[in-house]
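Let me begin by presenting the structure, written as structure tokens, before commenting on it.
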2 protein chains.
Amino acid sequence: MTEIRQPTPRRGTNLPRMGDFNLTVILEAIRRSTLGLSRVELAQIVGLSPQTISNISRRLLDQQLIVEAGKEGSGPGKPRTILRLNPAGMYAVGVHLDPAVITFVVLDLLGDVVRHSRMATPGGDPAGVITSIAGQIKVLIEESGVDESKIAGLGVAVPGPIDLDEGSVVEPPLLTRWNRVRIREALSEATGLETLVDKDVTSAAVAETWAGGASGAGSFVFMYMGTGIGCGIVLNDEVVRGTSGNAGEIGHIVVEPGGPLCDCGLHGCVKSSCIPQVLVAEAEAAGVLDGHREGADGPEVQERYAELCDKADAGDQKAIAILDKSATLVARAVSVVTNTLDVERVVFGGPFWARMSPYFMERVPALLDKNNAARMIHDLEVVGTGVGEDVGAIGAACLVLEHMLAPRAQRLLLEG
Amino acid sequence: MTEIRQPTPRRGTNLPRMGDFNLTVILEAIRRSTLGLSRVELAQIVGLSPQTISNISRRLLDQQLIVEAGKEGSGPGKPRTILRLNPAGMYAVGVHLDPAVITFVVLDLLGDVVRHSRMATPGGDPAGVITSIAGQIKVLIEESGVDESKIAGLGVAVPGPIDLDEGSVVEPPLLTRWNRVRIREALSEATGLETLVDKDVTSAAVAETWAGGASGAGSFVFMYMGTGIGCGIVLNDEVVRGTSGNAGEIGHIVVEPGGPLCDCGLHGCVKSSCIPQVLVAEAEAAGVLDGHREGADGPEVQERYAELCDKADAGDQKAIAILDKSATLVARAVSVVTNTLDVERVVFGGPFWARMSPYFMERVPALLDKNNAARMIHDLEVVGTGVGEDVGAIGAACLVLEHMLAPRAQRLLLEG
DNA sequence: CGAGGGGCATCAGTGACTGAGATCCGGCAG
DNA sequence: CTGCCGGATCTCAGTCACTGATGCCCCTCG
């Protein structure tokens, strides 16, 4: 128990901040519409006067963030000029540093992938790895052919725990030697790009808000199904990071009575009962998968997990049982989170999601509904993300877009 | 799985909203300072120019929300005029509808209780109960001697689940017959006061932000230890309510492997393992408490629980063991929440807290620290609330103050 | 081909914050 | 006791974002 910190009162706001904020509000409205919006529609939606909309539209057009895209005349009168996002108005680079593989993407303003690449995570010391990453980023940008002045920055998604203030990685379980490595500073210097660092699951949630379409709006939990299982949290369109950027640690929620012993001393935590590595081991023990390969790391687990899913897809009852059980267990953990936060939606995603999706979608929605404390008041949607396997890297790039262009309340406040 | 809702884009902001918001920012800064602040200090803290501070101070003085309270001259130069909250500038009425007892308070602007009263919760139909409540409110206001024009409104804290949009109570487990009762409408009509309804645990968290001093700032979880156990969540000084106002349902977090069977089908949930009723039953079974009284309702449980604590205070090892175990179990649930949200503080409170506090404060901090996923990055404070047993009712009144005077981001946005 | 209607731009007008300078207030040196 | 000085606060324009009124523009329809 430490001394209570001196509270930092919320700071005021002023005219320029207000203007910038309204600009982002309008941009978000355009972004969230599939087909673009006219100025009049925007005025209705955001509640500002048409004049203000016109002025801000002009600023956005000047900045080339939006373009006028044709007219739409339904009845009499002057047809509406449709405003649409200009995909080429801004780009961002995203890197996902995973214990097994590093993924790189260049994203345009729409959140579409312009170019991507991967490399196996080198095992050397962090400094060397960071140099490799910086090199690969340069190559990727060149290959993409994107005007460098249009690149707003670099986002980096890393496994937790992290220190958001420092921009550092703090001893993640599967990345030995990465002890308090200030990756933000290092990559910022090496690439010359404005750099943001965040946790992988948080990045995935941001990806959903930016590139995920309708399911990325409002309040939701993004369940990231990777080598580990974590969640990203978005409440009222704003991502929740927590005091130090470590929100979303759900590995020690107990989901399986009498399950395997976890390093925390309890049995049947998410971390010890439903992560892919455990399921693979279980399948090996049950004879569903042949051979026992110990010390399986990232890519190997993914392969073996795919084998397990293949068997299940082919009708192997034991394989199906393992996947079904994992769905049940994960649903219990999700219920804990959704009941704590009363969100309106759960979005599943991550590198393992595509293969497990049929088994999960069949069971999870009903289980969540059954355990939903607010069942009488509202439904709880369950959807799979539209953002694919690279959600970590895409989310990393979205961190940059979100930071620059999302209407966060924080943007209004004077900094101190 | 339902159709995805049409996203409701964030609405813009304008000049008057900005002015109102800055007013609340300044008020909050003054409120959070113990001894009052001068205009110059305010300018530094909130980041606005001294002129703006002066203008807003004048508005606040005109509204009698603050007063000039003496001068403070340390060196040469004109001494600073200290601005302080005017306790009599605004009042709010709070009601906590608990299954066992209804508590009423009148609060001043500082969050201090001006007057309070209680009544046993009548068993009749809701309409009758609501009439009684309205009557008691009238009496309380008269007795308090407060100028009615200074009463900003009425806050009502109720057990969940609730429907925030409707302002209704939706079938709480211990209040039979309260099925979708629109208590907000009913009490608003009956009393003529602006009325807000919220969940008891959320109200308790709001009480902490308003009347709890330093521990009510920043991001924290308020653990409400009542007949049931729930939590209120505050992130970055703003309370989290969830889609329908039902955030904070943690009753089904599994904390005791092989514990008692819960109605959800699992064993050892918070709800089935650590609520007072269960502990009392356990104590009876272990012979710590004599006699077995079944169907114990609210007040009786509290009495019996107090007896259990008396025994423990007197050194009864079995009683101590029961309380210690409950602390361990609750700590597990708290860890789940704090790791999910990465808050900086846990605040314990509620009607049962005072008695359990020594047993909890001895064990919980260490247990939380051990399980803190962000342990390497920051500490997790554990404190008991300064707001006493009436935290529910006080929080209810604070809902009104918070709604009118807290610098919520929501205040900036145009409504639609 | 003209009327009509809706979209959008222009032009002041309002109001909140800002910067410079004036004013006020108390302590301190002479 | 008096004048000087430093700091806090106020006065007075100035800037800028949003708003309301007005008018131009462009398309459809009769």
Side-chain angles (χ1 to χ4, degrees), chain A residues 11-27 29-30 36-62 66-84 407 411-415, chain B residues 11-27 30 36-62 66-83 407 411-415:
Chain A
R11 302 180 77 84
T13 187
N14 60 14
L15 235 33
R17 305 237 153 215
M18 187 171 90
D20 287 352
F21 178 81
N22 280 344
L23 184 136
T24 63
V25 169
I26 291 179
L27 196 68
I30 296 176
L37 290 170
S38 69
R39 291 173 176 78
V40 216
E41 290 169 314
L42 279 168
Q44 282 183 356
I45 293 173
V46 306
L48 294 165
S49 68
Q51 297 72 4
T52 302
I53 303 292
S54 267
N55 294 338
I56 295 182
S57 302
R58 197 170 310 125
R59 281 175 63 191
L60 287 168
L61 286 165
D62 287 348
I66 61 173
V67 287
E68 297 195 334
K71 317 236 167 191
E72 182 189 81
S74 49
K78 178 172 172 176
R80 305 171 164 190
T81 315
I82 300 299
L83 301 174
R84 209 170 294 174
R411 179 182 304 281
L412 278 160
L413 308 184
L414 300 158
E415 62 259 354
Chain B
R11 303 180 78 85
T13 186
N14 60 13
L15 235 33
R17 304 234 154 218
M18 187 171 90
D20 288 351
F21 178 81
N22 280 344
L23 184 134
T24 63
V25 169
I26 291 179
L27 197 67
I30 296 176
L37 290 170
S38 68
R39 291 173 175 78
V40 217
E41 289 168 315
L42 279 168
Q44 281 182 357
I45 293 173
V46 307
L48 293 166
S49 68
Q51 298 70 3
T52 302
I53 303 291
S54 265
N55 294 338
I56 295 183
S57 302
R58 198 168 310 126
R59 281 175 63 192
L60 287 168
L61 287 165
D62 287 347
I66 61 173
V67 287
E68 297 195 335
K71 318 233 166 196
E72 181 188 81
S74 49
K78 178 172 173 177
R80 305 172 165 189
T81 315
I82 300 299
L83 302 174
R411 180 182 303 281
L412 279 159
L413 308 184
L414 299 154
E415 64 259 354

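- With rounding to whole Å, B:Asn55 atom CG is found 11 Å from D:dT9 atom C1'.
- Residues A:Met18 and B:Leu15 meet the side-chain proximity criterion, which asks for heavy atoms closer than 4.5 Å.
- Shortest non-hydrogen contact noted between A:Leu23 and A:Ile56 is CA-CG2, 3.7 Å.
- The shortest distance between side-chain heavy atoms of A:Arg84 and A:Ile66 does not fall below 4.5 Å.
- Between the C1' atom of D:dT9 and the CG atom of B:Leu42 lies a distance of 13 Å, rounded to the nearest Å.
- Of the side-chain N and O atoms in A:Arg58, one or more sit less than 4.0 angstrom from OP1 or OP2 of C:dT10.
- Spacing between atom NZ of A:Lys71 and atom C1' of D:dC27 amounts to 10 Å, rounded to whole angstrom units.
- Summarising the geometry, the separation between CD1 on B:Ile53 and C1' on D:dA8 is reported as 13 Å, rounded to the nearest angstrom.
- Going from atom CG of A:Leu413 over to atom P of C:dC17 covers 14 Å, rounded to whole Å.
- Atoms CG (B:Leu414) and P (D:dC18) sit 10 Å apart, rounded to a whole Å.
- Between A:Glu68 and A:Ile82 there is no side-chain heavy-atom pair separated by less than 4.5 Å.
- What separates CD of B:Glu41 from P of D:dG7 is a distance of 15 Å, to the nearest Å.
- Side-chain atoms of B:Arg17 come within 3.5 Å of backbone atoms of B:Leu413 as a donor-acceptor pair (strictly under, hydrogens ignored).
- At D:dT19, one or more side-chain N or O atoms of B:Asn14 fall inside 4.0 Å of OP1 or OP2 (strictly under the cut-off).
- With contacts defined as side-chain heavy-atom distances shorter than 4.5 Å, the pair B:Asn55/B:Arg59 does not qualify.
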Could you list, one pair per line, each protein nitrogen or oxygen that sits under 3.5 Å from a nitrogen or oxygen of nucleotides 3-5 of chain C, together with the distance?
unit_1: C:dG5; atom_1: N2; unit_2: A:Lys78; atom_2: N; d: 2.8

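- Counting all heavy atoms, side chain and backbone alike, B:Thr13 lies closest to A:Leu48 at O-CD2, 3.5 Å.
- Contact annotation: A:Arg39 does not reach the phosphate of C:dG7 (side-chain N/O to OP1 or OP2, under 4.0 Å).
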N/O-N/O pairs, protein side and nucleotides 13-17 of chain D side, under 3.5 Å:
none

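- Smallest separation of non-hydrogen atoms from B:Ala43 and B:Ser49: CB-C, 4.4 Å.
- The distance between atom CG of A:Leu83 and atom C1' of C:dG7, rounded to the nearest whole Å, is 12 Å.
- Among D:dC18, D:dT9, D:dA21, the nucleotide with an atom closest to any side-chain atom of A:Leu48 is D:dC18.
- Distances shorter than 4.0 Å separate none of the side-chain N or O atoms of B:Thr81 from OP1 or OP2 on D:dA8.
- A donor-acceptor contact shorter than 3.5 Å links the side chain of B:Arg11 to the backbone of A:Ile45.
- Nearest-nucleotide mapping onto DNA chain C: of A:Ile82 and A:Thr13, the residue sitting toward the 5' end is A:Ile82.
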